[in-house]
Amino acid sequence: MAEAGVDTVSRRTRGLDRAFEILEFLRVKRQPMRPNEIAAEIGAPRSSVYELVNLLLSHGMLDYYGGDGRVFLGRRLYFLGTAYAEQFDLMRECERMLGHLAEETRETAQMCLLEGNKYTVAMMREGIRPFRISSNVGELVSVPWTASGRLLVSHLSDQEILDFIPPDDFVLPDGRRLDPSNFISQVRDAAHDGYFTFNSEVENFTHCFAVPIYQADGVCIATLCLVAPREDGLRNRKAYLESLLSAAKEVSEKLGYHPLDRKVASHI
């Protein structure tokens, strides 16, 4: 009798894991798909995927798109996300800061996070300048391709960084391979300086600025970023960094991070 109960709980747990896997797969795929296509992509039995898709449809977690049986993330997820954003101080504070940064600098401001072992833009506010830089919120990007990546893994040891980042992610968009030891060196420099800037590996003609948001224990849990046309970014480097550092410091303090006062590196 007890074994039957344990087996039932185990099946429900596996079903719940699979349901979350379907939702996450569609989030990353970013397009409606048929259940049989989902099953093939995630390597799951078609029968269980159809059963879970129907369950998620009945709860509004998935919706039909088109008349050919394709499904995508449902509108109920939007309301869940809205409730989450209303209660989570980090998201609310960062939204306010992004508006301030975009207005002050006229550049595109972003809040970025780790999603698994990838980097993603969680929130973005476009600047008011005619030159616009597009970036897909929620798109997963290799950590070494980004300025923020140097800060988001800075709490890990060298070996933990190598274990965390897939080897293929050190191959840059232009086909060059970034030496992992050079990346780790940049991570340590970024942690010491309290920021990282470079010419983007993803967007041509842009310069990226990233500064850390720390939680109470000193771990970087997010970054505030500016993405600017390369010449403007280099010309306004000091002013942009000062704006970012001030904003990130305010958010970090609200999360309980209170380091000993120290001067920002003199070579900003």
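Atoms considered below: every heavy atom in the structure, side chains included; atoms not considered: hydrogens, waters and symmetry mates. On a predicted model such as this, the values are computed, not experimentally measured, just so you know.
- A side-chain donor-acceptor contact under 3.5 Å links Ser252 to the backbone of Ala248.
- Side-chain contact check for Ile165 versus Pro144: some heavy-atom pair is nearer than 4.5 Å.
- Hydrophobic clustering of Ile, Leu, Val, Met, Phe, Trp and Tyr side chains at less than 4.5 Å, counting indirect connections, keeps Leu234 apart from Leu226.
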Worksheet item: What's the verdict on side chain to side chain contact (heavy atoms under 4.5 Å, CB included) for Tyr119 and Leu140, showing C-alpha distance, side-chain angles and the deciding distance?
Response: CA-CA 6 Å; Tyr119 152 100; Leu140 302 182; over 6 Å; no
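- Ring geometry for Tyr257 against Tyr214 counts as tilted: the plane angle lies between 30° and 60°, on a 0 to 90° scale.
- In this structure, Arg46 does not pair ionically with Glu51, as no charged nitrogen and carboxylate oxygen lie closer than 4.0 Å.
- The number of heavy atoms from other shown groups lying within 6.0 Å of CZ (Phe20) does not exceed 12.
- Every residue two or more places apart in sequence or in another chain that forms a salt bridge (Lys or Arg N to Asp or Glu O under 4.0 Å) with Arg188 is listed here: Asp158.
- Using a 4.0 Å cut-off between a side-chain N of Lys or Arg and a carboxylate O of Asp or Glu, Glu95 and Arg92 do not qualify as a salt bridge.
- Lys254 and Glu250 are joined by a salt bridge, as a carboxylate oxygen and a charged side-chain nitrogen come within less than 4.0 angstrom of each other.
- Closest non-hydrogen pair, Arg27 versus Arg30, comes out as O-CG, 3.0 Å.
- Contact between Cys112 and Leu152 at its shortest, heavy atoms only, is O-CD2, 4.4 Å.
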Worksheet item: Would Ser148 and Val143 count as a side chain to side chain contact (heavy atoms under 4.5 Å, CB included) if you check the C-alpha gap in whole Å, the side-chain angles of each, and the deciding distance to 0.1 Å?
Response: CA-CA 8 Å; Ser148 292; Val143 169; over 6 Å; no
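- The environment of Arg76 atom CZ is sparse: at most 12 non-hydrogen atoms of other residues, nucleotides or ligands sit within 6.0 angstrom.
- The two residues Val49 and Ala44 come nearest to each other via the heavy atoms CG2-CB, 3.7 Å.
- A continuous path of ILVMFWY side-chain contacts below 4.5 Å connects Leu80 to Leu57, so both sit in one hydrophobic cluster.
- A heavy-atom distance below 4.5 Å is found between the side chains of Val251 and Met97.
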Practice prompt. Step by step, work out the ring-ring contact (aromatic ring centres under 6.0 Å, His included) result for Phe183 and Phe170.
Written response: CA-CA 9 Å; Phe183 174 76; Phe170 287 101; 5.7 Å; yes
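- Contact of the Ser185 side chain with the Asp189 side chain is registered, since non-hydrogen atoms from C-beta on lie closer than 4.5 Å.
- Using modelled atom types and a 3.5 Å distance limit, the side chains of Gln186 and Asn182 yield no donor-acceptor pair.
- Between Leu113 atom CG and Met123 atom CE the span is 10.0 Å, to the nearest 0.5 Å.
- Hydrophobic clustering (side-chain heavy atoms under 4.5 Å, transitive across Ile, Leu, Val, Met, Phe, Trp, Tyr) keeps Leu23 apart from Tyr78.
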Practice prompt. Take Glu104 and Ser243 through the side-chain hydrogen bond (donor to acceptor under 3.5 Å, both in side chains) test and state the conclusion after the steps.
Written response: CA-CA 8 Å; Glu104 183 177 63; Ser243 295; 2.6 Å; yes
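- Nearest heavy-atom pair, Ser48 versus Pro45, reported as atom, atom and distance to 0.1 Å: OG-O, 2.9 Å.
- Between Val171 and Arg176, every side-chain heavy-atom pair lies at or beyond the 4.5 Å cut-off.
- Of all the heavy atoms in Arg75 and Asp63, the pair that sits closest is N-OD2, 3.1 Å.
- The closest donor-acceptor contact from the side chain of Ser154 to the backbone of Val187 lies at 3.5 Å or more, if one exists at all.
- In this structure, Phe164 CZ and Asp169 CG are separated by 9.5 Å, a value rounded to the nearest 0.5 Å.
- Taking the side chain as every heavy atom from C-beta outward, Val121 and Val141 never approach each other to under 4.5 Å.
- Atom CD of Glu231 has 12 or fewer heavy atoms from other residues, nucleotides or ligands within 6.0 Å.
- The line from SG of Cys225 to CG of Leu244 is 7.5 Å long, rounded to the nearest 0.5 Å.
- Under the side-chain contact (heavy atoms from CB on, under 4.5 Å) criterion, Glu37 pairs with Met33, Arg34, not counting sequence neighbours.
- At a threshold of 4.5 Å between non-hydrogen side-chain atoms, the residues Met61 and Leu77 count as touching.
- One distance of note links CG of Leu26 with CD of Glu41; it measures 10.5 Å at 0.5 Å rounding.
- Grouping the Ile, Leu, Val, Met, Phe, Trp and Tyr side chains by contacts below 4.5 angstrom, directly or via other members, places Leu101 with Val211.
- For the atom pair NE2 (His100) and CG (Leu224), the distance works out to 10.5 Å, reported to the nearest 0.5 Å.
- Without hydrogens or angle criteria, Asp193 side chain to Tyr195 main chain gives no donor-acceptor distance under 3.5 Å.
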Discussion item. With side chain to side chain contact (heavy atoms under 4.5 Å, CB included) as the criterion, how do Asp232 and Glu107 come out once you've worked through the C-alpha distance, each side chain's angles and the decisive distance to 0.1 Å?
Written reply: CA-CA 10 Å; Asp232 291 343; Glu107 308 293 0; 4.1 Å; yes
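- No option in Tyr240, Phe198, Phe196 other than Tyr240 meets the ring-ring contact (aromatic ring centres under 6.0 Å, His included) test with Phe209.
- Partner of Leu98 under the side-chain contact (heavy atoms from CB on, under 4.5 Å) criterion, out of Met124, Met111, Glu103: Met111 alone.
- Here the closest heavy-atom approach between residue Ala19 and residue Leu52 is recorded as N-CD1, 3.9 Å.
- Leu114 and Leu178 fall within the same hydrophobic cluster, where Ile, Leu, Val, Met, Phe, Trp and Tyr residues are linked whenever their side-chain heavy atoms come under 4.5 Å apart, directly or through other members.
- The distance from atom CZ of Arg18 to atom CG of Leu56, rounded to the nearest 0.5 Å, is 12.5 Å.
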Practice prompt. Could you walk me through whether Thr223 and Thr146 pass the side chain to side chain contact (heavy atoms under 4.5 Å, CB included) test, one step at a time?
Written response: CA-CA 11 Å; Thr223 59; Thr146 68; over 6 Å; no
